[in-house]
Amino acid sequence: MTKRPKIVAGNWKMNLLQNEAKLLAQSLNNGVQSIHNDNLIVLVFPGFTLLNTTSQSAIHFQVGAQNFYPEKNGAYTGEVSIEQLQDLNLKYALVGHSERRIIFSESNTLVRSKLLTAIDNDITPILCIGETSDIRDQKQHFQYIASQLKDALNDLNPHQVAKIIIAYEPVWAIGTGITATAQQAEEMHAFIRNWFAENFNIEIANSIPIIYGGSCNDSNALELFSCPNVDGGLIGGASLNVNQFLSIIKTINGLS
Ligand code: PGA
């Protein structure tokens with residue numbers, strides 16, 4: 001069976017200025033350089049204006065984009081193309097983060113189009129999915145996650161799907177300080193893995209990385225990342241604090 005990589009990704013969202021990003025990136029790089037683990041991938045997703053600054057310090061971690069628009073170029077004021085990300089040598093991008101879906105009304109169609117554009121251009125997409133508290137209260141969360149997966153991935157071929165990372169991020173856990181319990185995370189990750197087995201094949205199900213996001217910090221990292229189907233984390237708030245973020249990375253490293 002393929003050994004899945006462990007992934008720790010920091011989503012800086014709309015935070016930090018040049019100097020702050022530079023300091024954070026340098027400290028992160030120093031902290032990560034002593035970790036020798038080919039199976040561990042450390043990623044950081046800064047805002048667009050910070051991509052260059054962050055990339056300059058990124059020797060032992062990789063930098064990705066929080067967003068892009070799925071057209072090659074043209075009259076799309078305010079947008080950034082995938083070619084512009086490639087121009088910065090970026091290899092990863094977030095797709096379908098709940099803040100994009102909810103605040104910026106990104107439709108399932110747009111999410112799918114971004115996903116396909118990333119795959120076609122050799123940018124690894126981290127496809128974010130997750131239910132709101134209302135959906136969970138109504139006990140519709142498994143059904144909802146299956147429908148988000150179907151909307152994004154229907155009719156893709158196994159070769160395309162093999163290039164994706166999934167981030168399960170329950171909306172009620174993002175930035176709230178309320179994290180999913182290890183049991184809630186594990187049962188949903190196992191459900192997602194099984195969805196891949198049923199809709200694609202067992203090899204894809206076993207090899208696709210599924211990371212968890214939503215109020216992860218250095219206190220709950222061990223419990224969450226010890227779950228067999230949780231392959232790492234997408235970390236928001238705690239990734240802005242280098243000590244917290246390094247502590248999460250070291251926790252995952254100790255488990256891999
Ligand atoms: P949080 O954000 O860790 O601050 O909850 C996670 C995310 O939105 O990716």
Side-chain angles (χ1 to χ4, degrees), residues 6-16 20-21 24-25 28 41-48 50-51 54 61-68 90 92-106 111 114-115 118 123-133 135-136 141 144-145 148-149 152 164-182 184-186 188-189 192 209-225 227 230-252:
K6 295 284 179 189
I7 300 164
V8 191
N11 178 5
W12 290 356
K13 307 192 179 183
M14 196 174 72
N15 293 297
L16 307 178
E20 296 165 322
L24 183 53
L28 178 62
I41 301 171
V42 177
L43 302 168
V44 156
F45 293 86
F48 285 123
L50 307 172
L51 284 171
T54 311
F61 66 92
Q62 299 195 58
V63 179
Q66 294 175 18
N67 190 28
F68 61 92
L90 304 188
Y92 293 85
L94 300 182
V95 171
H97 190 283
S98 62
E99 286 153 14
R100 301 283 332 158
R101 292 182 193 253
I102 296 167
I103 306 171
F104 301 101
S105 309
E106 282 195 6
V111 169
K114 289 184 178 192
L115 192 75
I123 299 266
T124 301
I126 300 190
L127 173 66
C128 305
I129 52 176
E131 80 286 356
T132 60
S133 55
I135 292 171
R136 184 167 277 266
H141 44 295
Y144 183 78
I145 292 297
Q148 278 191 322
L149 287 167
I164 298 171
I165 296 169
I166 301 291
Y168 170 58
E169 298 203 297
V171 177
W172 47 270
I174 295 181
T176 57
I178 305 167
T179 191
T181 62
Q184 286 171 324
E186 174 57 22
M188 185 56 87
H189 283 231
I192 294 168
I210 308 174
I211 62 177
Y212 169 82
S215 296
C216 277
N217 56 41
D218 56 357
S219 313
N220 56 35
L222 181 63
E223 198 192 344
L224 284 165
F225 302 135
C227 298
V230 178
D231 302 314
L234 181 52
I235 323 291
S239 71
L240 297 170
N241 176 317
V242 75
N243 293 330
Q244 277 251 4
F245 195 49
L246 280 169
S247 161
I248 294 169
I249 294 167
K250 285 173 187 162
T251 300
I252 296 190

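Order of appearance sets the numbers: ligands from 1, and atoms from 1 within every ligand.
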Handout entry: From CG (Leu90) to CZ (Phe68), nearest 0.5 Å
Key = 11.5 Å
Handout entry: Spatial distance of atom CZ (Phe225) from atom OG1 (Thr251) [nearest 0.5 Å]
Key = 8.5 Å
Practice task
Look at the side chain of Thr179 and the backbone N and O of Gly214, then say whether any donor-acceptor pair between them is shorter than 3.5 Å.
Solution key: yes
Exercise for the section: Apply salt bridge (charged side-chain N to carboxylate O under 4.0 Å, His left out) to Glu131 and list each qualifying residue two or more places apart in sequence or on a separate chain. Expected result: Arg136
Practice task
Would you please name every residue forming a salt bridge (charged side-chain N to carboxylate O under 4.0 Å, His left out) with Arg101, sequence neighbours left out?
Solution key: none
Fill in the blank from the handout: With sequence neighbours left out, the residues meeting side chain to side chain donor-acceptor pair (under 3.5 Å) with Lys13 are Glu99
Problem - Shell of residues surrounding ligand 1, defined by a 4.0 angstrom heavy-atom cut-off that is strict - result: Asn11, Lys13, His97, Glu169, Ala173, Ile174, Gly175, Gly214, Ser215, Leu234, Ile235, Gly236, Gly237
